[in-house]
Amino acid sequence: MVELSGTYQVPAAREAVYAALQDPEVLRRCIEGCDQLTETEPGVYDAQLRLGLGAIRGRYTGRARLRDAHLPESFTLAVEGKGPGGHVRGDARLVLADAGIGTSIACHATGDVAGALAAVGSRLIQAAAARLMERFFSTLAEILSRPAASGD
Amino acid sequence: MISAPFDYHRPSSLAEALSLLARHGDDARVLAGGHSLVPAMKLRLAEPRVLVDLSRVAELRGISEKDGRIVIGAMTTHAELASSSFLAAKCPLLTETAPQIGDIQVRNKGTIGGSLAHADPAADWPPVALALDAEMEVAGPSGSRMIAAAGFFTDIMQTALRPGEVLRAIRVRPTGPSVAYVKTEQKASGFALCGVAVVVDRAANRVSVAITGIAATPFRASQVERALEGGPLTAERIGEAARVAAAGAQLLSDMHGSADYRAHLAQVNVRRAIVRASART
Amino acid sequence: MADTPREPYVGRAMKRVEDPRLLQGIATYVDDLRLTGTLHAAFVRSPYAHARITRISTAAAKAAPGVVGVFVASDVNQACGIVPCAADMPNLKNPQHRALADGRVYFVGHAVAVVIARDAYTARDAALLVDVDYEPLPVVTDPEAAIKPGSPLTHPDLGTNVAFEWSMSTGDDAELERLFKSADRVIRQRMVHQRLTPVAIEPRGCVASYHRGEQSLTLWTSTQIPHLVRTLLPGMIGVPENKIRIVTPEVGGGFGSKLNVYIEEALCSHLAMRLHAPVKWIETRRENMSATIHGRDQIGDYEVAVKNDGTLLAIKSRTIADIGSYPQLLTPAVPTLTGLMLTGCYKYKAMRMDVTGVYTNKMSTDAYRGAGRPEATYLIERMADIVANELRMDPIRFRQMNSPTSSDFPFATACGLSYDSGDYHAALAKARRLARWNELLDTRARARKDGKLFGVGVSTYVEICALGPSKAMSAGGWEWGCVRIEFSGKATVITGSTPHGQGQETSFAQIAADRLGLPIEDVVVLHGDTNVSHYGRDTYGSRATVLGGTAIVMCIDKILAKTRTLAAHLLEVKPGDLTFEGGRFSANGKSLGWEDLAPAAYVAKNIPPGFEPGLEASSFFEPENFTFPFGTHIAAVEIDRETGETRIVKYVAVDDCGPQINPLLVAGQVQGGIAHSIGQVLFERTVYDEQGQLITGELMDYPLPRAHDIPEYVLGSTVTPSPSNPMGIKGVGEAGTIGATPTIANAVMDALYPLGVRHLDLPLTPEKIWRAIHLGEDDRGGARIPEADRSAPRYTTADVGEGALEVGNV
Ligand SMILES: Cc1cc2nc3c(=O)[nH]c(=O)nc-3n(C[C@H](O)[C@H](O)[C@H](O)COP(=O)(O)OP(=O)(O)OC[C@H]3O[C@@H](n4cnc5c(N)ncnc54)[C@H](O)[C@@H]3O)c2cc1C
């Protein structure tokens, strides 16, 4: 089992952060290796991803569902991914709190991996997941620190 | 197929290889000996769309000496390194390490450049590069640059190579005979559960120690090095210094070896490697 | 024909006639077969250990160019029947094991769908396009936890994880309890026999082809048991037995892993019929590691009742056998073999074994080299050391006083077996001599004085081979053979045993050539095609040479008797006047050889009245008992105190498998068997994590012994013929594995003895040993050896005598 926690600061108000976290385009940019992400129904996102580390990088299709949303304080993203190397599923619980002029986001994620990935790739999974999380929030912070709708 | 489908290119010059990489961007990967990349592709844990095979790029091969540095082409195989009498005389740490990698087939195909670029946390060449203070000569779309080994291994399976760059050669200074590589194998794969590379520089009265296999990246055991600075390499001092071999390392732990055991092996192998190296004069 | 009598072939260390084709790469394995129009199968397998299948979408795979079909449970399960379990196990709760997972998956690697395409590559690509949604369910991996109340269930439909409960005992449990009560000591130890992966070098594979005109099926399959497959397949796919031909081309090793009827064989057969084309499937290594049977996986609590003078009284075992997800062909029988051997080569008065077979969400276990007997020998020989230690006795002296002498045979064991013949003391004496025992103890004393961890280990083992008399087997324990003298006078020998690396093409030719007086080049041995070798019970349980070889001898006896009448007729003498030597029947200075007699028998113009033309005979050999090979192995090891690494510095094996047909083949079997043990003792272990993920699913994580792990072996033998067959032979295919595991383990534990370590479970990895040395971690149930005992010498140089036997050559 993979387990990750972290608290991140982003320079924007809670509502803005919450809104950004529901925005498919923001999500796509924040998830490293995400080629495509669409909201297929409210709170359900389908994604094409390239995940891994270095040479060990596989293609996955994923689906994330928004759960237990308490606007704009907390929500859970239930994630499922499938690829030739295996299946991944997990939950990420995000709790938003005002922190000065910005917002702090506490994220706690757990996940399970099945298939070849679980066996052969096990030593990489934790690292890959940690990197994904770091990148996610650093990109989010970057996006939110720029004037809205700048897009690149 | 066994792997995911891919296009295959076999350029005959570095320039051609670089332009192929530039053209295909993220979809492309360089193929060297294929002994790390191909197994991952067979399990579909890696699915590059384009392979750029460097085996015909002559300028990436071979061992030479330039400006007092030994220059080893990235595509030089482990077997070529193992059997080089030039290296045996000028940089014996390389000839001691090479035969400890894999088996004959692996050594005949696998390359030092591929091993360094792959940055497997249990690979044998990375600690050797660190202990030798190697420099990585990198060719990219905007020309060449040098990366010191110390800054090359950034995270598990991650290096300072940028997209589109190719590791061209490894440069090291010649050393004396006081070197050693001591490795405990992971029993199934033969990779290092803990490998320790040591270079004793008698002139500078300095010891370089690098460790692989116990953390996400290979690292210089700087606390050990500092503990040995200055004084003579007595058994007591070596033993004392080796105790901090794993200090501060974020230890890996799996069914092949717990964090405790890896830390312990680091101490033992560091001590044994320094003793062995310092006995070689 | 040569005038001077030739030295017999039997007994000669001859290289295998199989070798040239195998070594040159010109042998034919299943994957080498190329039938026109062959379709290729690839499986979609579960990445989860236990899950509900909520959706399978095959549309994308079906649409891929080159794909002929994609099949799921509802398409094929009805037609493919139920995977057979042939073990006699009353009250076995058997979940219906069908071809494809239907609604649920029960282990990682469980087949969910099969894709059929025009080439193997397309099939594999398309398998990845089959989209399966799983809903993970609670996973059962620990068999001990699985039988506690409230545990999740492997097969919820069964309502329990207990597959069966089985007991055997000497008969009178009151007597057993009395012996335990009267004992001076009862010594207990728990031991874990870890799960192992067999890893034959050639994975499984098969090609099925159905002839619509003849309505007959041919299945080429990499199996140890073509005849059993032919017997069992009709019940699965509905083709009558006499319309099925099973062919085993070259088989690249089995070790028990190919002693099964697998779903892939039924599926490929069914699909070949359904799709009117040959269907081929070749297993990948990953499939081989996850969906071919595993071995061992027993946990035992053992109790030995003993008197203070060292006399063994009784033994009890409570064993949990991890079945995995389904019983395969013989799964429940494996622990019963442990039971039959529980008393080893010792004069216990009573025994009792209780086994609980437990389902877990893992691949099935089944017979793996030794099948139940390595477990028995390991536990009994570890217990021998533990008991001797506790009594402060020399473990060798202890073994000797408790084992039968040569005059005690046939020896009735507390397990109800009758051991055929043996001279355990002679084998022990010879092993000590070959090991230079006294020098070894000196070396150990010196090493210990220098602060080194040096240990010696002994095991005296006995095993049950030549499985077996039909009364003990569920589907017949005989073996069949056929011998034909061809028109040309050359001989064709056909055996129902199915060698797959053991070398019977050579050893059976040796037997036949000697008995027929033919040069060995004139004898061909055929096997492994049920249209050629009509009947057979195949190769497992070290049976092929004893049973198959004897069937050949019976055939030759029949042919010789028949030919004698022909020769007498042609030479115009009485049959009784003829002598047979060097392949010729002679009387009165005249003689006829096979080149004369065979044509006469087939042309059949000048034959005795009532003489059936032709020179062919077939026979079924039914043994009246098992055979009981035995031996003594001795190992010396040195442990690196700092790293915990073990190095085997000496290995001596003295095995008695009766007279040896071909000592080179015997040595090969022993060497390979010891290598298996080195793996089991020092590093092999199949690991599933708590989620039931197989984390030793590749050779980069499952360690096999390599050349540099193998010490130089000193091999010797003694020869005690078995009275149960005419050649007196006993079988040797598993001896190495059975004898060596406890030997090496005992040596490691002897090295650790001065540190107070009583018992560690296998594998004795460097880390495990290091933890025992430095952190004082023993395995459960292992009290530390009392301080006062630790410096005991344990072994002595006391003379052990020679035994009654004239010992054979080394
Ligand atoms: C059975 C087996 C046992 C092994 N045992 C050991 C062992 O004991 N110790 C050990 O250290 N290794 C071991 N290896 C790994 C082996 O040494 C590999 O050869 C090596 O790690 C990678 O080198 P390669 O030339 O095969 O690279 P490849 O597999 O071709 O490439 C690896 C990665 O590096 C990239 N790459 C390759 N060359 C360059 C370059 N010049 N510039 C930029 N990127 C590049 C590729 O794109 C790829 O991502 C073993 C491998 C096997 C199969």
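Each chain gets a letter, A, B and so on, in the order its sequence line appears, and its residues count up from 1.
- When every heavy atom of G54(A) is checked against every heavy atom of Q158(B), the shortest pair comes out as N-NE2, 3.2 Å.
- For R56(B), the CZ atom counts as loosely surrounded, since its 6.0 Å shell holds 12 or fewer non-hydrogen atoms of other residues, nucleotides or ligands.
- Annotation: side chain of D155(B) is not in contact with side chain of R131(A) (no heavy-atom distance under 4.5 Å).
- No side-chain heavy atom of Q126(A) sits less than 4.5 Å from a side-chain heavy atom of L252(B).
- Pairing each heavy atom of A55(A) with each of A46(B), the nearest pair is O-CB, 3.1 Å.
- Within 6.0 Å of CD on Q250(B) lie no more than 12 heavy atoms contributed by other residues, nucleotides or ligands.
- R50(A) CZ: more than 12 foreign heavy atoms inside a 6.0 Å radius.
- Side-chain contact check for R59(A) versus R49(B): some heavy-atom pair is nearer than 4.5 Å.
- The structure places CD1 of I56(A) at 11.0 Å from CD of E47(B), a figure rounded to the nearest 0.5 Å.
- Ranked by non-hydrogen atom pairs under 4.5 Å with chain A, the options D254(B), L43(B), D26(B) are led by D26(B).
- Distance check, rounded to the nearest 0.5 Å: CD1 of I125(A) to CD1 of I156(B) gives 10.5 Å.
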